[in-house]
Amino acid sequence: MNMNVLQKQDKEIFEAIAGEIRRQTETLELIASENFASRAVMEACGSVMTNKYAEGYPGKRYYGGCEFVDIAENVARDRAKKLFGCEYVNVQPHSGSSANMGVLFAVLKPGDRIMGLDLSHGGHLTHGSKVNFSGQFFEAHTYGVEKETGYIDMNRVEEMALRVQPKLIICGASAYSQGFDFKAFREVADKVGAFLMADIAHPAGLIASGLLNDPMPHCHFVTTTTHKTLRGPRGGMIMMGQDFENPLGITLKTKKGIRTKMMSEVIDAEIMPGIQGGPLMHIIAAKGVAFGEALQPEFRTYAEQVRRNAAVMAEKFIGLDYHIVSGGTKNHLMLIDLRNKNVTGKIAENLLHEAGITVNKNMVPFDDKSPFVTSGIRVGTPAMTTRGMTGQYAERIVELIDRVISAANTDRIEQVCAEVRVDVKEMCEGLPLNDFGPTP
Ligand code: DSN
């Protein structure tokens with residue numbers, strides 16, 4: 001991106017951004033939730049739409065001058081509906097957490113019971129963690145994966161739901177490498193009269209490409225972020241496969257009398273004015289651009305490659321005696337339990353950082369270490385695949401990681417990290433951050 005003006009005006013921020021460009025360009029990005037947005041997406045993010053206030057929704061705003069931001073929001077909504085095959089979408093949530101908060105606050109009262117996947121078993125903070133609004137405003141019960149298999153057992157989920165009688169069940173994860181059986185979750189939800197929400201923030205791009213189970217026919221609500229496998233700008237959104245009359249008894253006064261609100265109206269009102277004010281119109285425009293890209297056939301090819309790279313890496317890791325939780329991956333990530341390698345997640349993250357490889361330490365199911373130390377790392381392929389790392393790259397990357405982990409407890413470690421860093425830099429050379437233009 002051209003940053004001539006910024007460079008002249010603000011050296012400190014310019015240097016920070018320039019450093020980040022160098023870091024992203026010269027190192028290997030394996031954080032499962034990160035990706036490289038296209039130049040077109042970033043141009044929309046950096047556009048004058050950041051200047052506009054537009055509380056409300058297209059055609060019904062609290063501010064004048066919204067004719068062009070209306071176009072952008074309508075385009076983003078229409079493309080999202082086409083991409084995910086849904087009847088309703090709200091593209092205004094600033095993040096995945098805001099999207100989840102929007103649904104939870106719309107359908108629950110304080111103290112209501114919810115069920116979600118435990119954070120330490122791969123869930124997300126907003127699925128009921130005690131340190132998050134979801135665990136503080138609501139009575140959260142968490143289900144986990146099985147110790148032997150690393151899989152979610154639907155019988156256990158059902159058993160828990162019958163005991164807990166939740167008002168809302170959340171399915172979805174940040175560190176689970178298997179798919180979700182949304183149909184089975186819906187059967188459980190129906191048995192206890194609960195709403196079902198799928199949080200597909202991680203695999204959204206794979207789901208949009210038809211590579212994983214589709215939550216839309218089975219879940220009352222589907223939330224996502226737009227910047228992970230979907231490769232858009234940082235943000236969130238809420239979808240419903242089909243709108244329905246809200247069973248919460250929320251009504252609306254109209255000229256024709258009082259009527260029950262549709263659930264879409266309840267969700268819209270919860271996002272704005274419930275929990276947010278002015279939408280980020282530059283980001284909504286960029287979401288529209290990203291959805292347009294994801295509707296192209298090339299995106300499906302990309303998503304298939306993301307999954308293929310992950311499968312190749314998991315197999316290679318297993319061949320080198322690494323323990324992948326759940327024994328493999330069906331999506332874009334894997335969780336590696338490093339206990340048999342005598343290395344904590346924290347140490348692995350730091351050493352790999354020294355070697356130019358970015359991953360995050362991650363709790364593994366039944367972890368005996370704290371979230372600040374952890375026994376594992378999470379590895380994901382969305383970003384490396386965007387850079388065009390296909391074919392032999394996946395295996396070579398695993399070999400580089402193994403060189404570092406294997407040397408972790410030896411006095412050669414500094415030298416190994418330095419050597420791997422050179423190899424990583426060489427590997428990254430000539431590969432732009434994304435396929436849509438030269439490195440910014
Ligand atoms: N922080 C994200 C992740 O890394 O999975 C989830 O919000």
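What you see is a predicted model; the values in this text were computed from it and never measured. Numbering of ligands and ligand atoms starts at 1, following listing order.
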S.K.: I need the minimum non-hydrogen distance between Leu335 and Ala175, along with the two atoms involved.
M.R.: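 That closest heavy-atom pairing would be CD2-O, 3.7 Å.
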S.K.: Name the closest protein heavy atom to atom 7 (O) of ligand 1, giving the residue it belongs to and the distance to 0.1 Å.
M.R.: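 The closest one turns out to be His124 NE2, 2.9 Å.
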S.K.: Out of all atoms in ligand 1, which are within 4.0 Å of some heavy atom of Ser174? Include the element for each.
M.R.: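 Listed by number with element, the hits are 5 (O), 6 (C).
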S.K.: Could you list which atoms of ligand 1 come closer than 4.0 Å to a heavy atom of Arg378?
M.R.: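 With Arg378 as reference, the close atoms of ligand 1 come out as 3 (C), 4 (O), 5 (O).
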S.K.: Could you identify the single nearest non-hydrogen protein atom to atom 1 (N) of ligand 1 and state the distance to 0.1 Å?
M.R.: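 Ranking protein heavy atoms by distance from atom 1 (N) of ligand 1, first comes Ser33 OG, 4.7 Å.
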S.K.: Looking at Asp78 and Lys82, is any side-chain nitrogen of the basic one under 4.0 Å from a carboxylate oxygen of the acidic one?
M.R.: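 Here Lys82 does not pair with Asp78 in a salt bridge, since their nearest N and O are not under 4.0 Å apart.
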S.K.: Looking only at side-chain N and O atoms, does His94 offer a donor or acceptor that is under 3.5 Å from a partner on Arg234?
M.R.: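 No donor-acceptor contact under 3.5 Å links the two side chains.
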S.K.: If we ignore angles and hydrogens, is there a donor and acceptor under 3.5 Å between the side chains of Ser326 and Gln178?
M.R.: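 Yes.
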S.K.: For ligand 1, indicate whether the residue His227 contacts it via side chain, backbone, both or neither (heavy-atom separation under 4.0 Å).
M.R.: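 Neither; no heavy atom under 4.0 Å.
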S.K.: Atoms of ligand 1 less than 4.0 Å from His202 heavy atoms?
M.R.: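 Contacts of ligand 1 toward His202, numbered from 1: 3 (C), 5 (O).
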S.K.: So, are Arg403 and Glu399 salt-bridged, with charged N and O less than 4.0 Å apart?
M.R.: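 Looking at Arg403 and Glu399, the cut-off is not met.
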S.K.: Do the side-chain N and O atoms of Thr385 and Asn309 include a donor-acceptor pair separated by under 3.5 angstrom?
M.R.: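 There is such a pair between these side chains.
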S.K.: Below 4.0 Å from ligand 1: does a non-hydrogen atom of Glu34 turn up there or not?
M.R.: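 No; Glu34 lies far enough from ligand 1 that no heavy-atom distance drops under 4.0 Å.
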